[in-house]
Amino acid sequence: MRIARFVARRLLQLVPVLLGVIVATFVLVRVLPGDPIRTILGPNATEVEAAAARARYGLDQPLWKQFLDYLGGLVTGDFGTSIQSGNAVASELSLRVGPTLQLVVLAVTVAVLIAVVLGIWSARHADRVGDHGIRVLALIGNSVPEFWLGLVLILVGYSVLGWFPAPSGRVDPDTNLTPITGAELIDAALTLNGPAFTSALGHLALPVATLAIVVVAPLLRSVRASALEVLHSEAYTAAAAHGLRDRLLRRGYLIRATLVRLPSLAALVFGTAIGSTVLIEYVYSWQGFGQWALRGLLYRDFPVVQASVLLIAVCYVLVFLIADVVHAILDPRVKI
């Protein structure tokens, strides 16, 4: 019940945050240099054609009226019409957000699991060869650009070993997958389509590995540092001195205390991972949210940029809300 009240209170606090994001994004995309109509129509378009296009997308109206129309549309779930494609932004967003969230959630989950296992193991074997090797690998993973790492994994995993499908799309077209959520792996599971599930899993493997390697380093370092702190604490030393079994020491003293800081950092990493998907989606021809948002920014497509920023802001605040709840569950000292 306390957690339910905490979540309800935090959700109410999110309203002014999201309203600030909406206002700031609306103003900034119009202050930035560049005319979306001229960008789309090209330099040969006449003034009459440009004026007709501005009137079609409501860009000839005063800013206050454009903002009120935008707010009114948000209330009804209407994000406007894309200036590039002429399609509803909501329908384009629904097609692209599922695959990208699927990629990010899987990659961050894999990175967290790797960080917990290797971080605790590394702390328990501190200053040994294995510990130094893990730290060096984490440093290398954190240093290489994601697009270069993606190309290397494609070269090894697809071209040399042939273990993974070609980096072109998210599922094989001959699997007859019925789209429901847009996330192929989930859709295949919901429709009990085994070939599509296997195909989607194969197409996900290399992008997930690329993103997980890129984001695992800060998580690994945090877990290792926390585990070392616990191992050197008086409580752990006293418990070990009383002769508690190693398994009980790890589960009862080490793991839970080590993971206290992890939810907040994982939330930060989740936000970083959403930004990192832009290059990874290009490398793997993923056609996801990152590519769509970047194209909208390049063409000054106001409705697409506004919807993209708002969605990222919603993801951020919800992930931090989940992180705060998990933190409170792991650490009884935290009041909620």
Side-chain angles (χ1 to χ4, degrees), residues 3 6 10 101 103-146 149 207-237 239-240 246-277 279-280 312-313 315-336:
I3 292 179
F6 171 75
R10 285 291 302 270
L101 282 181
L103 170 63
V104 173
V105 170
L106 281 175
V108 173
T109 303
V110 169
V112 167
L113 291 175
I114 292 174
V116 170
V117 173
L118 292 186
I120 292 177
W121 186 92
S122 185
R124 298 184 73 219
H125 300 80
D127 298 326
R128 297 182 187 175
V129 175
D131 174 41
H132 292 307
I134 289 174
R135 293 164 63 188
V136 169
L137 288 177
L139 183 62
I140 293 173
N142 195 36
S143 304
V144 296
E146 51 265 46
L149 180 61
V208 166
T210 306
L211 190 55
I213 292 172
V214 170
V215 302
V216 75
L219 296 170
L220 180 57
R221 282 200 296 267
S222 174
V223 171
R224 181 181 179 277
S226 298
L228 280 174
E229 191 176 319
V230 175
L231 288 171
H232 294 147
S233 66
E234 293 181 357
Y236 186 88
T237 305
D246 184 62
R247 188 176 178 182
L248 183 59
L249 275 174
R250 271 185 289 147
R251 290 188 176 182
Y253 289 85
L254 179 58
I255 295 179
R256 181 165 181 157
T258 298
L259 299 184
V260 165
R261 298 176 187 167
L262 189 59
S264 299
L265 183 59
L268 277 175
V269 167
F270 185 89
T272 305
I274 290 179
S276 299
T277 57
L279 292 176
I280 292 174
I312 292 173
C315 288
Y316 255 105
V317 295
L318 289 181
V319 167
F320 271 100
L321 173 61
I322 295 171
D324 288 343
V325 171
V326 174
H327 188 183
I329 293 173
L330 289 173
D331 190 352
R333 297 170 297 178
V334 176
K335 302 292 184 184
I336 60 174

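Computed from heavy atoms alone, side chains included, the values below leave out hydrogens, waters and symmetry copies.
Between T210 atom OG1 and L279 atom CG the span is 11.5 Å, to the nearest 0.5 Å. Rounded to the nearest 0.5 angstrom, L137 CG and I114 CD1 are separated by 11.0 Å. Distance check: L149 CG to I140 CD1 gives 11.5 Å after rounding to the nearest 0.5 Å. Between atom CG of residue L265 and atom CG of residue L259 there is a gap of 12.0 Å, rounded to the nearest 0.5 Å. Note that the CZ atom of R124 and the CG atom of D131 stand 13.0 Å from one another [nearest 0.5 Å]. Atom OG1 in T258 sits 9.0 Å away from atom CD in E229 (nearest 0.5 Å).
In terms of heavy atoms, A123 sits closest to L231 at O-CD1, 3.6 Å. Contact detail for L101 and C315: the closest heavy-atom pair is CD2-SG, 4.3 Å. Smallest separation of non-hydrogen atoms from A111 and V215: CB-CG2, 3.7 Å. In this structure, A323 and A267 approach most closely via the heavy-atom pair CB-CB, 3.9 Å. Looking at every heavy atom in both residues, L228 comes nearest to A126 through CD2-CB, 3.9 Å. A pairwise comparison of heavy atoms in A273 and V104 identifies CB-CG1, 3.8 Å as the closest pair.
Within the 4.5 Å cutoff, no side-chain heavy atoms of H125 are placed close to those of I134. Contact check for S122 versus L220: no side-chain heavy atoms found under the 4.5 Å cut-off. Annotation: side chain of V108 is in contact with side chain of V112 (closest heavy-atom distance under 4.5 Å).
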Practice prompt. Before giving the answer on side-chain contact (heavy atoms from CB on, under 4.5 Å), spell out for I120 and R224 the whole-Å C-alpha distance, their side-chain angles and the decisive distance to 0.1 Å.
Written response: CA-CA 6 Å; I120 292 177; R224 181 181 179 277; over 6 Å; no

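Not a single donor-acceptor pair under 3.5 Å links the side chain of S222 to the backbone N or O of L219. Judged purely by atom type and a 3.5 angstrom limit, T109 uses its side chain to pair as donor or acceptor with the backbone of V105.
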